[in-house]
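Below is one structure, written out as structure tokens, with a few remarks after it.
In what follows, chains are A, B, ... by sequence order, proteins preceding strands, each numbered from 1. Since the model is a prediction, treat every value here as computed from it, not as a measurement. FYI, side chains are in, hydrogens and waters are out, and symmetry mates aren't considered; it's all heavy atoms of this structure.
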Amino acid sequence: MVTISCSKCRNVPELPEVETVVRSIARIVGRRIVSAEFTCARILRGDPDQMSAMLAGRRIRAIRRRGKFIVIELDAGHCLVVHLGMTGKLLLGGTPGRHTHAIVNLDRGVLRYEDPRQFGKIEVSRGLPARVEKLGPEPLEITLAEFAARLKGRKARIKSVLLDQHFVGGVGNIYADEALFRAGIHPLAIGARLRLERVKRLHHAIVEVLTQAIEKGGSSISDYVDAEGRRGFFQFEHRVYQRTGEPCVNCGAPIRRTLVAQRGTHYCAKCQRR
DNA sequence: ATCGGTACCTGCACGC
DNA sequence: TGCGTGCAGGTACCGA
């Protein structure tokens with residue numbers, strides 16, 4: 001039996017989900033921001049009135065993703081930067097609800113931010129914010145040589161390293177588990193000690209799993225939808241994540257769960273070696 | 001610089 | 001039925 005939903009363990013927007021959102025709002029490029037309202041201080045970096053003033057009248061020049069950040073480029077080098085946190089949604093149109101914390105009125109349409117858990121962040125900046133600048137390389141762009149070189153100095157467990165946004169930007173809990181399974185590497189293995197052959201498999205697995213997930217529109221366990229409210233389908237391809245106790249797709253051994261870096265970590269003890 | 005731990009927050013399933 | 005409790009995990013931040 002395949003578990004496709006578990007409300008206890010809702011998914012989180014990682015690179016493929018953020019990429020899907022970015023693509024789904026791409027059509028607002030060229031539109032102008034008329035006004036913006038922010039109603040929840042917790043999710044803001046900056047003063048709401050000042051942010052509104054910086055946005056009003058600006059035209060949207062481009063929308064792109066950097067790690068798990070959504071970067072909406074405006075004229076004069078200004079950026080509207082959104083991080084979805086755990087439960088954030090960026091939606092086009094629709095009716096504002098209890099968890100709507102930001103409304104950006106465009107010359108045509110409305111961009112709306114919702115976030116029940118308020119772990120997301122919105123900011124307006126000149127150029128890229130420092131925390132976005134400091135992100136590690138994009139996992140879909142980093143070369144094997146650079147990936148291996150960066151891993152050399154890391155004495156932490158490989159799962160922790162993958163979750164570190166300064167190592168690569170965009171991998172989160174789901175895709176770290178899935179990539180490690182596909183590479184046959186135990187999540188507790190020490191990053192720097194991995195032989196080149198295994199590093200190569202990991203690099204390949206990360207690219208493969210992220211690319212496939214983007215093709216499927218991301219993973220939807222419970223919360224995640226794109227700007228149109230569409231769910232993704234990659235959850236059907238999960239081989240270890242949230243499959244605790246179920247048989248490994250390779251060997252039939254039960255999938256195990258442990259904690260690494262305080263995060264639920266799913267793996268096959270038989271197929272993934274330290 | 002790197003590492004491990006903690007705080008933040010809400011909605012749920014669960015058990016009594 | 002109803003309420004308290006535990007759990008999920010993004011980033012930021014802390015001390016070592």
Side-chain angles (χ1 to χ4, degrees), chain A residues 3-21 39-46 65-71 81-90 97-102 113-123 125 128-137 139 149-178 180 187-194 210 213 218-225 235 238 240-245 257-266:
Chain A
T3 302
I4 58 169
S5 70
C6 165
S7 53
K8 199 163 106 182
C9 330
R10 47 176 37 79
N11 85 311
V12 166
E14 298 183 30
L15 188 152
E17 290 75 27
V18 176
E19 179 66 29
T20 304
V21 170
T39 51
C40 175
R42 187 173 298 282
I43 61 146
L44 301 181
R45 295 177 76 91
R65 180 192 57 73
R66 178 72 178 90
K68 298 176 199 169
F69 290 85
I70 298 164
V71 180
V81 178
V82 180
H83 193 289
L84 300 176
M86 305 275 301
T87 52
K89 294 188 187 85
L90 208 46
R98 185 182 161 198
H99 299 299
T100 300
H101 305 312
Y113 181 75
E114 283 193 4
D115 190 354
R117 233 180 273 184
Q118 302 170 28
F119 269 31
K121 283 278 181 282
I122 300 181
E123 73 179 302
S125 63
L128 272 187
R131 67 202 176 108
V132 179
E133 289 272 20
K134 283 192 280 192
L135 284 173
R150 292 177 76 86
L151 203 49
K152 274 202 172 134
R154 307 300 296 249
K155 296 196 172 86
R157 289 157 178 169
I158 187 63
K159 163 102 183 224
S160 292
V161 177
L162 292 180
L163 292 179
D164 181 354
Q165 301 299 295
H166 300 292
F167 178 68
V168 289
V171 176
N173 206 40
I174 298 175
Y175 298 104
D177 281 4
E178 292 298 319
L180 286 169
L188 295 177
I190 300 302
R193 293 212 200 123
L194 291 174
L210 292 177
S219 301
S220 285
I221 306 295
S222 162
D223 270 7
Y224 165 78
V225 291
Q235 64 274 20
H238 291 174
V240 285
Y241 183 72
Q242 285 185 1
R243 291 193 65 245
T244 310
R257 182 185 177 278
T258 185
L259 277 185
V260 181
Q262 317 299 107
R263 299 292 170 248
T265 297
H266 314 76

Next item on the list: Ignoring hydrogens and angles, tell me if any N or O in the side chain of A:E114 forms a donor-acceptor pair with the backbone of A:L90 under 3.5 Å.
Entry: no
Next item on the list: Using atom types as modelled and distance alone, determine if a side-chain donor or acceptor of A:E178 lies under 3.5 Å from a backbone N or O of A:V240.
Entry: yes
Checklist line | Whichever of A:F119 and A:V161 has its nearest DNA chain B nucleotide further upstream toward 5' | finding: A:V161
Margin query: Quick one, A:E123 with A:R131, criterion salt bridge (charged side-chain N to carboxylate O under 4.0 Å, His left out). Give me CA distance, side-chain angles, the key distance, then yes/no.
Written below: CA-CA 11 Å; A:E123 73 179 302; A:R131 67 202 176 108; 2.8 Å; yes
Do the side-chain N or O atoms of [X] get closer than 4.0 angstrom to the phosphate oxygens (OP1, OP2) of [N]?
X      : N      : result
A:R257 : C:dA8  : yes
A:Y175 : C:dG9  : no
A:R98  : B:dG11 : yes
A:Q262 : B:dG4  : no
A:Q165 : C:dG10 : no
A:Q118 : B:dT10 : yes
A:H166 : B:dA1  : no

Between [options], which nucleotide gets closest to the side-chain atoms of [X]?
X      : options               : answer
A:P116 : B:dG11, B:dT2, C:dG9  : B:dG11
A:L163 : C:dA12, C:dG10, B:dC3 : C:dG10
A:K68  : B:dC3, C:dA12, C:dG10 : C:dG10
A:A156 : B:dG11, B:dG4, C:dG10 : B:dG4
A:H99  : C:dG9, B:dC3, B:dG11  : B:dG11
A:R117 : C:dT11, C:dG10, C:dA8 : C:dA8

Check: What is the nucleic acid contact for A:G120, judged by heavy atoms within less than 4.0 Å: base, sugar-phosphate only, or nothing?
Finding: nothing
Next item on the list: Give one of base, sugar-phosphate or nothing for A:K121, where a contact means two heavy atoms less than 4.0 Å apart.
Entry: nothing
Check: Which word best sums up how the rings of A:Y113 and A:H101 line up, parallel for under 30°, tilted for 30 to 60°, or perpendicular for over 60°?
Finding: tilted
Check: Could you give the CG-to-C1' distance, from A:D115 to B:dC8, as a whole number of Å?
Finding: 12 Å
Next item on the list: Take A:F69 and A:L259, find for each the nucleotide of DNA chain C with the closest heavy atom, and name the residue whose nucleotide sits nearer the 5' end.
Entry: A:L259
Checklist line | Nearest heavy atoms of A:G264 and A:N173, plus distance in Å | finding: O-ND2, 2.9 Å
Next item on the list: Would you kindly check whether a donor in the side chain of A:R263 faces an acceptor in the base of C:dG10, or vice versa, at under 3.5 angstrom?
Entry: yes
Check: Quick one: the side chain of A:R150 and the base of B:dT2, do they pair up donor-acceptor inside 3.5 Å?
Finding: no
